[in-house]
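Have a look at the structure below, then the notes.
In what follows, chains are A, B, ... by sequence order, proteins preceding strands, each numbered from 1.
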2 protein chains.
Amino acid sequence: MNRHKISVSETRQRLLVSAGEVFAEQGFYNTTVRDICRRAGVNIAAVNYYFHSKEELYDAVCTHSLDLAVNKYSPTLGITEGTAAQERLHTFIRSLLFSILEKGQPFWHEKLVTREMNNPTMALDSMVETTIKPRNKLLSSIVKDFLGKGASEELIRQCCLSIIGQCLHYHYAQPVIQRLYPKQKFSAEGIETIADHVTRFSLYALQQFKPRGKQIMECRADHSMAAIRRGKNSSKH
Amino acid sequence: MNRHKISVSETRQRLLVSAGEVFAEQGFYNTTVRDICRRAGVNIAAVNYYFHSKEELYDAVCTHSLDLAVNKYSPTLGITEGTAAQERLHTFIRSLLFSILEKGQPFWHEKLVTREMNNPTMALDSMVETTIKPRNKLLSSIVKDFLGKGASEELIRQCCLSIIGQCLHYHYAQPVIQRLYPKQKFSAEGIETIADHVTRFSLYALQQFKPRGKQIMECRADHSMAAIRRGKNSSKH
DNA sequence: GACAAATTAAAACAATTGTTTTAAACATCT
DNA sequence: AGATGTTTAAAACAATTGTTTTAATTTGTC
């Protein structure tokens with residue numbers, strides 16, 4: 001009977017994978033269960049047999065991809081307390097960009113989240129709690145390091161939105177970016193370049209927002225990014 | 001007979017208005033012709049009578065709203081050659097933000113374009129030519145003023161994307177911004193505040209990108225934005 | 001091998017979509 | 001007023017969606 005549920009029927013897993021692929025790519029509303037089943041090589045009825053509906057399948061995909069995300073590819077990764085602020089910023093931006101622009105299962109969740117931000121389903125509320133708020137908190141702490149104690153909550157929030165906005169734009173506007181700049185590459189190499197720019201752009205701005213004082217000199221510092229770049233892929237073609 | 005086509009049946013106009021409203025709000029795919037007709041107080045068959053299909057109705061809305069946009073509310077408005085670079089930047093950002101965040105007929109077109117950028121239909125290609133490319137060219141020229149002659153095409157492009165990205169984020173991520181910051185207002189007053197921040201943020205970054213030289217002092221200048229603010233609504237509550 | 005449960009397959013269902021048909025209502029002109 | 005062309009209204013159509021039903025097949029256990 002149901003003594004040992006070994007291999008919860010590979011069909012279920014196949015559905016989960018195919019659904020993750022399509023949902024991350026096209027979003028909830030633009031995806032049909034027939035498409036999912038076709039890719040999974042599975043009968044249509046399977047989605048209602050294993051999950052009870054398209055919605056619950058989507059929920060399953062969300063929690064499953066969240067598991068993958070937090071366990072293996074959290075944007076917090078490598079950002080410790082001790083790290084210098086500008087490097088923490090760079091790491092944050094880099095991870096975010098990779099997770100929304102790179103293809104592949106590990107990055108499904110961020111794509112789902114990014115879609116939800118723009119085109120919500122019933123899953124958004126939980127995503128706000130599990131993913132967006134923590135991510136925002138992390139970025140806020142980084143921004144705070146730049147702006148200092150005196151910075152208002154509003155300014156911090158606005159700067160966070162400016163940074164996130166720059167990143168997500170490459171995801172949201174991908175169709176038109178491809179047309180405007182056909183040479184724009186979204187390979188790993190290309191994403192690194194984008195990350196470098198966004199970091200530099202934001203760094204420059206943040207440094208200027210800092211209250212008047214000693215940083216007048218250091219804000220001019222161009223070696224800030226150089227220091228970040230060094231040791232990664234300093235010689236890129 | 002068809003000697004003088006007076007008053008092309010108010011129904012057609014009602015359809016055009018309702019369709020513009022709904023398309024701008026929900027995009028092409030999420031809009032049903034039944035919804036459009038209901039709002040217009042018109043029979044379903046009317047859309048196929050006056051326009052031949054949902055697609056052609058959408059096309060009509062696009063060209064009609066483009067007319068309104070270029071004739072009355074072009075983002076070029078007020079940006080002349082002589083104006084100071086930072087004021088041109090502020091004007092550009094302000095107009096863009098207003099046209100995607102404010103409600104109302106005059107701003108339909110930018111909302112349609114913004115939707116197309118993310119979720120293309122057959123209309124995107126023409127929009128790229130008529131709206132996006134010109135707008136990009138304008139912003140590029142402004143950015144160039146900041147970066148100077150020596151700036152590479154790639155840097156200019158990246159900075160433009162950073163600026164546009166910051167603005168459109170407020171449109172794209174509106175559902176989640178509302179949840180994260182319930183106090184965020186998108187009234188005219190609120191939009192002005194956003195425009196001020198995005199301008200300042202971008203200004204600071206651009207100034208730092210400028211090749212080394214005289215601007216070391218002036219980049220620190222906080223009065224740049226103050227000068228812009230002055231004369232608009234210098235005392236806001 | 002036989003029986004029971006779990007899984008798969010095919011077909012059908014109900015709801016929604018854009019579109020078309022059909023006829024009624026209206027307007028215009030002689 | 002009556003004929004003619006234009007516009008509206010109601011209903012039906014075909015295609016697509018998520019879901020369910022029904023029966024066939026496979027799997028596990030004795």
Checklist entry - Can a side chain N or O of A:Y50 be found less than 4.0 Å away from OP1 or OP2 on C:dT8? => result yes
Next on the checklist: For a quick test of reading the model: is some side-chain N or O of B:T11 closer than 4.0 Å to OP1 or OP2 of D:dT8?
Outcome noted: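 Yes, because at least one side-chain N or O of B:T11 sits under 4.0 Å from OP1 or OP2 of D:dT8.
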Distance check needed: [N] [atom2] versus [X] [atom1], whole Å only.
X	N	atom1	atom2	answer
A:F51	C:dT7	CZ	C1'	14 Å
B:Y49	D:dG5	OH	P	13 Å
B:Y58	C:dT17	OH	P	18 Å
A:R12	D:dT27	CZ	P	20 Å
B:E10	D:dT8	CD	C1'	14 Å
B:I44	D:dC13	CD1	P	16 Å
A:N48	C:dT8	CG	C1'	14 Å

Using a 3.5 Å distance criterion without hydrogens, assess whether the side chain of [X] forms a donor-acceptor pair with backbone atoms of [Y].
X	Y	result
B:R14	B:C37	no
A:K111	A:H171	no
A:T131	A:V128	no
B:H109	B:A69	no

Next on the checklist: B:F98: which residues meet the ring pair (Phe, Tyr, Trp, His ring centres under 6.0 Å) condition with it, sequence neighbours left out?
Outcome noted: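 Ring pair (Phe, Tyr, Trp, His ring centres under 6.0 Å) list for B:F98, sorted by chain: empty.
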Checklist entry - Can you list the residues that meet the ring pair (Phe, Tyr, Trp, His ring centres under 6.0 Å) rule with A:F28, with sequence neighbours excluded? => result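 Applying ring pair (Phe, Tyr, Trp, His ring centres under 6.0 Å) to A:F28 gives A:F23, A:Y58.
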Checklist entry - Out of C:dT20, C:dT8, D:dG18, which nucleotide sits closest to the side chain of A:K54? => result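 Nearest listed nucleotide: D:dG18.
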Item to check | Closest listed nucleotide, where the reference is the side chain of A:N43 and the choices are C:dT7, D:dA9, C:dA10 | outcome: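 Nearest listed nucleotide: C:dA10.
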Checklist entry - Which residue pairs satisfy the salt bridge (Lys or Arg N to Asp or Glu O under 4.0 Å) criterion with at least one member in residues 97-106 of chain B, sequence neighbours excluded? => result none
Checklist entry - Which of residues 17-36 of chain B sit near DNA chain C, with a heavy atom under 4.0 Å from it? => result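 Heavy-atom cutoff 4.0 Å gives B:T31, B:T32, B:V33, B:R34.
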Checklist entry - Under 4.0 angstrom, heavy atoms only, what part of the nucleic acid is B:A46 near: base, sugar-phosphate, or nothing? => result nothing
Are any protein N/O atoms closer than 3.5 Å to N/O atoms in nucleotides 22-26 of chain C? If there are, list each pair with its distance.
none

Checklist entry - Going by heavy atoms in the side chains, are A:H90 and A:D196 under 4.5 Å from each other? => result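 Touching, per the 4.5 Å side-chain cut-off.
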Side-chain donor/acceptor pairs under 3.5 Å, residues 117-125 of chain A, sequence neighbours excluded:
unit_1, atom_1, unit_2, atom_2, d
A:N118, ND2, B:Y172, O, 2.9
A:T121, OG1, A:E116, OE1, 3.3
A:T121, OG1, A:E116, OE2, 2.7
A:T121, OG1, A:A123, N, 3.0
A:D125, OD1, B:R179, NH1, 2.4
A:D125, OD2, B:R179, NH1, 3.3

